[in-house]
Amino acid sequence: MDYWRKPLDAEEINVSQGEVHIIEDRCKGCGYCIEFCPKDILAFSIRFNKKGYHPPEVVGTEKCVNCHYCEIICPEFAIYSVEISTAKEG
Amino acid sequence: MKPAVLTGEHYMTGDEACAEGALAAGCLFFGGYPITPATEIAEHMSERLPGVGGTFIQMEDEIAAIASVLGAAWAGQKSMTATSGPGFSLMMENIGLAACTETPCVVVNVQRAGPSTGLPTMGAQGDMMQVRWGSHGDYEIIALAPCSAQEIFYQTITAFNLSERYRTPVFVMTDEIIGHMSEKVIIPPADQIKTEWRPKPQGRKDRFLLYKPGPNGVAPMPAAGEGYNVHVTGLTHDEKGYPVMSVEAQHQMMTRIKRKILGNLDDIIMTESHQLEDAEIVLVSYGISARTCLAATQQARGMGLKVGFLRLITIWPFAEAQIQALAQRVKGFVTVEINLGQIHLEVMRSAMGKVPCHLVGHHGGTIISPDQVLAKIKEAFPCP
Amino acid sequence: MSLTALAKNGAVPDHPLEDLIRSDRIPHIWCPGCGIGTAFAACLSAMKASGIDLQTICMVSGIGCSGRAAGYVKLDSFHTTHGRAIPFATGLKLGNPKLNVVVFSGDGDLFAIGGNHFIHAARRNIDLTVICLNNLNYGMTGGQVAATTPFLARTTTTPAGNPEAPFNLPLLAWAAGATYVARWTILHTRELTECIQKAMKKSGFSFVEVLGPCPVNYGRRNKEKSLQTLKLYQEQTIIRNNADPTDLEVDFSKKVVLGEFVDKERSTCIENYDKTCRLM
């Protein structure tokens, strides 16, 4: 998903960085997170989970902006992101 | 403001006595829907409940009425509804939910003649099997059948106590005749009325099991908002309350629901004996028809006939053992009821062919006269 | 730090809703691509964000796929009979007015078999939050026509197309007197979460309709894969707050209007009861 236009202060804004966590065995492979990730950092993996679905995997870790959209569109409680600094402290 | 317990001597209808009994038992929620001949119970509760801190609501139909009663029960209240035939039919699905989820509540059925709309203003006792089997599946319930306004007052209290003690729906099966008849009702002082509450859970909330039975077979029951995070479902569930779709879970759940009633028969079954000691012919009856039988017994004794009378106060679970014991020593039974043979079938089943069982029944709409009972006694058991 | 390294340190944080779901019952029964899970998650996020004491929140569901929601929330939860979630919830709320009662159920449950209860609860303005996952059909039983199925849509009981017209749910809620009415799709999950939160805090009868796909039973028969349904939600919807309730039909051949349609004040059933009946 691309931005229609670039904000004037885009250079000054400090975009947070996120880390995506996936609970693979909860995934049913609907692909919503992959389709609607604004940064296109998710893709179907070739692995099967224990239910026989291909869970997503992160293909562009450093590009995650921690927007949580994958987390809130996921019907399965299977994916979520955390802010990287927080994750390191934890 | 009137107190919950209206101690004193009153002249009131059976329906009013029912409402006063409920209030004396601590009922604080009534979800109802108007229907003859039970409407007066709702009317009386609508007037009285707000004054004692309770809530009355007239729902959009009887289905909603019983559903709201179950909701209020899980909110921690003693709750009830009252209805008659057509409304009782509508309530059946949620009565099943109450049985399955072990939800205490009291349902009063002021019976009128059916089927369908039938005779709305005229009494009958035709819902006695419906109360036992009306909802789908196997389950146990408790049903009581009072025979006077005074007894309606007391039996309504007993109904609440039994429903709390056994976490089960309890039914008070009255009829249009005693519901609308005005009689003397004595209401004792509040401290002489024994009221019970559902067993409360103890111990760690996160380890609580909603359907793990205590010593008498009944599991403790928390209310919503108390922090137990209960899950209540009409699906077959395990002790935790979680749905489990398996033969084993079904077996365990059904065993528990049946055992808590069938394992406590001595505590639940109430009967009253009249001249049974030397009786050869035993009348069996309940509710308004019990009054017919009392008169018939007296008259028969006056004629020198050895007639006794077993009055069923608890209808369900059925007083099978009592009938069985009597069947060993009497010549026969005559069941008297305003239907075409419902409890009569239970008497026959319990007598197990040992002695003849007869019915004095009626299509409904009026009471049975003692003369009809005497005629049946003479016809069925002719003097040698 | 890599994910594996985090896991070894035991430092992977839980899913943010982990404490509100019965994780011992996950994965849930809903099919791949079903919208219920997303709407349900939005509901849990809203509960958390609302600041309401979670121990006072109860969820009541009826029967059907959406009716299973109550079984997955780690709060007092009630899975009742078909269509009767609202009257059960009414008793729960009247029995203890301190409870915050959320009804989460489907369109068939709330508007066909339970339709009468819905309009009466809205009329008497009982303080409930009703969330309806509208997937346009009866999913649990295999995809039969519902009171919300679009005209001419195919279902197993309308193999030639639905000859009936569907309900406009926000219009129905508005007409019956609901004090808060909104509609979103599962794609608009942020707005949805905000509106559910608002609905929960609002005293009075609140209604939130959530459009969600039923790819297996509705989508399959109407040539719509779940992602295509979500694209429809993206392209064929328009957000118009306070829209005229008569303009809110769900017809994706035109634009489907989303937004917050009603937010008004009216004294609740309990307030009126206390004022009217308790002064005798």
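Within every chain, numbering begins at 1; the chains are lettered A, B, ... in the order of the sequence lines, protein sequences first and strands thereafter.
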### Message
Need one label for B:Ile57: side chain, backbone, both or neither, based on atoms under 4.5 Å from any heavy atom in chain C.
### Response
side chain

### Task
Measure distances from B:Ala223 to the heavy atoms of chain C and classify the residue's part below 4.5 Å as side chain, backbone, both or neither.
backbone

### Query
Which bit of C:Ala89 is near chain B, if near means a heavy-atom gap under 4.5 Å: side chain, backbone, both or neither?
neither

### Message
Out of B:Leu235, B:Asn229, B:Thr101, return the one with the most heavy atom pairs under 4.5 angstrom to chain C.
### Response
B:Asn229

### Query
Think C:Lys202 forms a cation-pi with C:Tyr180, using NZ or CZ under 6.0 Å from the six-ring centre and within 45 degrees of its axis?
no

### C:Lys93/C:Asp127 ion pair, N-O < 4.0 Å
yes

#### Entry: Donor-acceptor under 3.5 Å (C:Thr179 side chain, C:Phe205 main chain)
yes

### Query
Is any NZ, NE, NH1 or NH2 atom of the basic residue among B:Asp206 and B:Arg204 found under 4.0 Å from an Asp or Glu carboxylate oxygen of the other?
yes

### Query
chain B: which of C:Gly71, C:Gly67, C:Cys58, C:Ser61 shares the most heavy-atom pairs with it under 4.5 Å?
C:Gly71

### Which of B:Val69, B:Val230, B:Thr233 touches chain C most, by non-hydrogen pairs under 4.5 Å
B:Val230

### Message
Main chain of B:Leu97, side chain of B:Asn94: is a donor-acceptor contact present, judged purely on distance under 3.5 Å?
### Response
no

### Query
Hey, is the main chain of B:Pro199 close enough, under 3.5 Å, to the side chain of B:Arg167 for a donor-acceptor pair?
no

#### Entry: Non-hydrogen side-chain atoms of C:Ile36 and C:Phe104 separated by less than 4.5 Å
yes

### Task
Look at B:Ala72, B:Ala65, B:Cys100, B:Gly227 and state which one has the largest set of heavy-atom pairs under 4.5 Å with chain C.
B:Ala72

### Proximal component of C:Arg123, with respect to chain B [non-hydrogen, under 4.5 Å]
neither

### Query
Does any N or O in the side chain of C:Ser206 come within less than 3.5 Å of the main-chain N or O of C:Ala199, such that one atom is a donor and the other an acceptor?
yes

### Message
If you count heavy-atom pairs within less than 4.5 Å of chain B, which of C:Thr90, C:Asp53, C:Leu75, C:Asn96 leads?
### Response
C:Leu75

### Message
Which atoms of C:Leu94 are under 4.5 Å from chain B, going by heavy atoms: the side chain, the backbone, both sets, or neither?
### Response
both

### Message
Which atoms of C:Asp24 are under 4.5 Å from chain B, going by heavy atoms: the side chain, the backbone, both sets, or neither?
### Response
side chain

### Query
Should the pair C:Arg22 and B:Tyr242 be classed as cation-pi, given the thresholds of under 6.0 Å to the six-membered ring centre and 45° from the axis?
no

#### Entry: Side chain / backbone / both / neither for C:Phe78 at chain B, heavy atoms under 4.5 Å
both

### Query
Which answer fits B:Lys205, side chain, backbone, both or neither, if we ask what part of it has an atom under 4.5 Å from a heavy atom of chain C?
neither

